[in-house]
Amino acid sequence: MHSLKQIRENFDFYKKKLSDRYSDINLNELITLDKKNREIIQTKEKLEQEKKTISKSKDKSLFEKSKKITNDIKTLEVSLKEIKNKIDFIMDFMPNIALNDVPIGKDENSNKELKKVGKIQKFDFNPLSHYDLGTRLNLLDFDVASKTSGARFVFLKGKLAELERALSNFMLDIHTKEFGYNEISPPLIVTEKTMYGTGQIPKFENDQFEIKLLGDQKKYLIPTAEVILTNMYQDTSINLKDLPIRMVASTACFRKEAGSYGKDTKGILRQHQFYKVELVSIVEPSKSLSELDRMVNCAEEILKRLKIPYRTVMLSSGDMGFSAEKTIDIEVWIPSESKYREISSCSSCGQFQSRRMNSKYRDDKNKSNFVATLNGSGLAVGRTLIAIMENYQNSKGSVIIPDALRPYMKNLDKL
């Protein structure tokens, strides 16, 4: 969420920046509503002052006038409520603005590759997809999942299920013991207010799994642990000495994938339910970009230890998420597709989410200010499984377990 005052004072800047995000927000309408809102407030305040003066005078001849003023005030209050709802609606759907170094473009075609790490292995056989490897080894079962749960679900069985658990533990150990993230085991169900705080609703409500409840109350399954971890500090004033706050959680995540119909339907790349190790940081605004670099480095370290080739990419203004001001994706090499695929997305959100959550701190001058928030995958567990299966496969159809994971797998060397 943005400051309406800042938009009013920097109209041309925001208009350009929203155009860079390919947003259809009508800023002219917003400013017109804001002007009308302030005019009505001034009129209402004058009437309230006049009514107060009449009341003090105790002049009975002014009774009818006082009554009319009361009715006029009520009419203005109705108008103010209507205008506020319109303003809130526009503001709620307004995305964060991109930082100056973010490439301007409508989609992934304008993303900027930053670096490539690791050597891509050249197989002396045609590498199989994780789907074929998993089904041949009887470790992935899509048929039973389809029967019990529907499309975009899967059963991981035996040693592959154990490897999934090992990956989560491996990632958590690195992020907590080496990088100082505080491990959290959070609820997987959140309120409507919590989903609003990080920007999932109202804009992306159709992508969320809502829990059916009696009455008007709405609750949702988390699409990512970012939602619940960041919102731990909603309506909170944080002590400066407690910053930075760094948290990590390994959770199930739930997404309808409403905008990806017919996309990546085979395999486990895009599921309704998946596991992810999520990193969240809460920092002073001036330190958000250095924290983003740190977070990306932490996520990269997982792939370095697993010895899987990857690249980093800065997303364009049109490809970034709704709440992000700058996003660095980590994309892992997938041999069966001969291309890189996203395995982590690390974003700086500036003060966009903290305004929605009302999350503040007091700076060194004791002035209250909104914190900056960041989030990133460290990593998506299912996609890491895909990368291991495909990059570590051999001609016999088995999968070598990376050295770094063997202590978590009772020293098992292959699937």
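Hydrogens, waters and symmetry mates are skipped; everything else that's a heavy atom, side chains included, is used. Each residue takes its place number in the sequence, starting with 1. If you're wondering where the values come from, they're calculated on a predicted model, not measured in any experiment.
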Asks: What heavy-atom pair brings H130 and L140 nearest, and what distance separates the two atoms?
Replies: O-CD1, 3.6 Å

Asks: Kindly confirm or rule out a cation-pi arrangement of K203 over F93, judged by NZ or CZ under 6.0 Å from the six-membered ring centre and within 45° of its axis?
Replies: no

Asks: Check whether T194 reaches the backbone of V190 with its side chain - one donor and one acceptor, N or O, closer than 3.5 Å.
Replies: no

Asks: Checking side chain to side chain contact (heavy atoms under 4.5 Å, CB included) between M171 and each of V248, T176, L279, V277, which is the one that passes?
Replies: V277

Asks: Would you compute the distance between atom CZ of F123 and atom OG of S395 and round it to the nearest 0.5 angstrom?
Replies: 10.5 Å

Asks: Show every donor-acceptor pair shorter than 3.5 Å between a side-chain atom in residues 404-415 and any protein atom, with sequence neighbours excluded, or say none if there are none.
Replies:
| residue | atom | partner | partner atom | Å |
| --- | --- | --- | --- | --- |
| R406 | NE | I401 | O | 2.9 |
| R406 | NH2 | I401 | O | 3.1 |
| Y408 | OH | D173 | OD2 | 2.7 |

Asks: Would a 4.5 Å heavy-atom cut-off, applied to side chains only, mark V154 and Q271 as touching?
Replies: yes

Asks: Within the 4.5 Å heavy-atom criterion, are I69 and E48 side-chain neighbours or not?
Replies: no

Asks: Give, for atom CG of D329 and atom NZ of K112, the distance between the pair rounded to the nearest 0.5 Å.
Replies: 15.0 Å

Asks: For a quick test of reading the model, state the closest non-hydrogen atom pair linking V102 to S317 and the distance between them.
Replies: CG1-N, 3.6 Å

Asks: So V313 and T327, do their side chains get closer than 4.5 Å, heavy atoms only?
Replies: no

Asks: Is D12 paired with K16 through a side-chain N to carboxylate O contact shorter than 4.0 Å?
Replies: no

Asks: Just checking N71: does its CG atom have more than 12 heavy atoms from other residues, nucleotides or ligands closer to it than 6.0 angstrom?
Replies: yes

Asks: State, yes or no, whether a side-chain contact exists between N391 and P335 at a heavy-atom distance under 4.5 Å.
Replies: yes

Asks: Going by heavy atoms in the side chains, are M247 and M232 under 4.5 Å from each other?
Replies: yes

Asks: Hey, could you give me the OG/CG distance between S281 and L292, rounded to the nearest 0.5 Å?
Replies: 9.5 Å

Asks: Can you find a side-chain donor-acceptor pair between T198 and Q353 that sits under 3.5 Å?
Replies: no

Asks: Hey, does the side chain of S338 reach the backbone of I334 with a donor-acceptor pair shorter than 3.5 angstrom?
Replies: no

Asks: May I ask you to decide if K365's main-chain N or O and D363's side chain share a donor-acceptor pair within less than 3.5 Å?
Replies: yes

Asks: Walk me through it: do K276 and T224 pass the test side chain to side chain donor-acceptor pair (under 3.5 Å)?
Replies: CA-CA 8 Å; K276 184 155 64 82; T224 166; 2.9 Å; yes

Asks: So, does S316 use its side chain to make a donor-acceptor pair with the main chain of E108 at under 3.5 Å?
Replies: no

Asks: Verify, without hydrogens or angle tests, whether K256 (side chain) and Q208 (backbone) share a donor-acceptor contact under 3.5 angstrom.
Replies: yes

Asks: Can you run down the ring-ring contact (aromatic ring centres under 6.0 Å, His included) pairs that involve residues 205-250, sequence neighbours left out, and say none if there aren't any?
Replies: F209-H272

Asks: Quick check: does any side chain N or O of R383 sit under 3.5 Å from a backbone N or O of E342, one acting as donor and the other as acceptor?
Replies: yes

Asks: Would you please indicate yes or no on a ring centroid separation below 6.0 angstrom for F142 and F153?
Replies: no

Asks: What pairs meet the ring-ring contact (aromatic ring centres under 6.0 Å, His included) rule with one or both residues in residues 374-400, with sequence neighbours excluded?
Replies: none

Asks: Does the distance from a Lys or Arg side-chain N to an Asp or Glu carboxylate O, for K159 and E162, drop under 4.0 Å?
Replies: yes

Asks: Indicate yes or no: does K86 engage E82 in a salt bridge with an N to O separation below 4.0 Å.
Replies: no

Asks: Return the CD1 to NZ distance between I97 and K17, rounded to the nearest 0.5 Å.
Replies: 6.0 Å

Asks: Should we count CZ of F254 as having more than 12 external heavy atoms under 6.0 Å?
Replies: yes

Asks: Could you walk me through whether D132 and S129 pass the side chain to side chain donor-acceptor pair (under 3.5 Å) check?
Replies: CA-CA 5 Å; D132 291 326; S129 70; 3.3 Å; yes

Asks: Please say whether more than 12 non-hydrogen atoms of neighbouring residues, nucleotides or ligands are located less than 6.0 Å from NZ in K287.
Replies: no

Asks: Could you check whether D207 pairs with R255 (Lys NZ or Arg NE/NH1/NH2 to Asp/Glu carboxylate O, under 4.0 Å)?
Replies: no

Asks: Which residue in the set V332, I302, V381, I386 passes side chain to side chain contact (heavy atoms under 4.5 Å, CB included) when paired with I343?
Replies: V332

Asks: If you compare all heavy atoms of I201 against all heavy atoms of R356, which two are closest, and at what distance to 0.1 Å?
Replies: O-NH2, 3.1 Å

Asks: Using every non-hydrogen atom in the two residues, find where P223 and Q200 come nearest and quote the distance to one decimal.
Replies: CG-CG, 3.8 Å

Asks: Applying side chain to side chain donor-acceptor pair (under 3.5 Å) as the test, list every pair that has at least one member in residues 301-315; sequence neighbours left out.
Replies: E113-R311, E178-R305, E300-Y310, E301-R305, R311-E331

Asks: For residues L303 and V117, determine if any side-chain heavy atom of one lies less than 4.5 Å from a side-chain heavy atom of the other.
Replies: no

Asks: Can you tell me which residue pairs pass the salt bridge (charged side-chain N to carboxylate O under 4.0 Å, His left out) test with a partner in residues 189-202, sequence neighbours excluded?
Replies: K193-D235

Asks: Please identify each residue that fulfils side-chain hydrogen bond (donor to acceptor under 3.5 Å, both in side chains) with Y131, with sequence neighbours left out.
Replies: none

Asks: Rounded to the nearest 0.5 Å, what separation is found between the OG atom of S344 and the CD atom of E278?
Replies: 8.0 Å

Asks: Inspect the contact between K84 and D88 and indicate whether a charged nitrogen and a carboxylate oxygen are less than 4.0 angstrom apart.
Replies: yes

Asks: Is K367 close to R362 at the side-chain level, that is, under 4.5 Å between some pair of heavy atoms?
Replies: no

Asks: Do L27 and M94 come within less than 4.5 Å of each other through their side chains, counting heavy atoms only?
Replies: yes

Asks: Dump the intermediate steps for side chain to side chain donor-acceptor pair (under 3.5 Å) on N138 and K157, then the final yes or no.
Replies: CA-CA 8 Å; N138 194 28; K157 301 192 295 185; 3.0 Å; yes

Asks: Ignoring hydrogens and geometry, is there a side-chain-to-backbone donor-acceptor pair from R355 to F370 under 3.5 Å?
Replies: no

Asks: Looking at E29, is its backbone amide N or carbonyl O close enough to the side chain of N26 to form a donor-acceptor pair, meaning the two atoms are under 3.5 Å apart?
Replies: yes

Asks: State the NZ-CG distance between K326 and N100, to the nearest 0.5 angstrom.
Replies: 10.5 Å

Asks: Kindly indicate, with the supporting measurements, whether the criterion side chain to side chain donor-acceptor pair (under 3.5 Å) is fulfilled by D107 and Y22.
Replies: CA-CA 10 Å; D107 52 32; Y22 295 86; over 6 Å; no

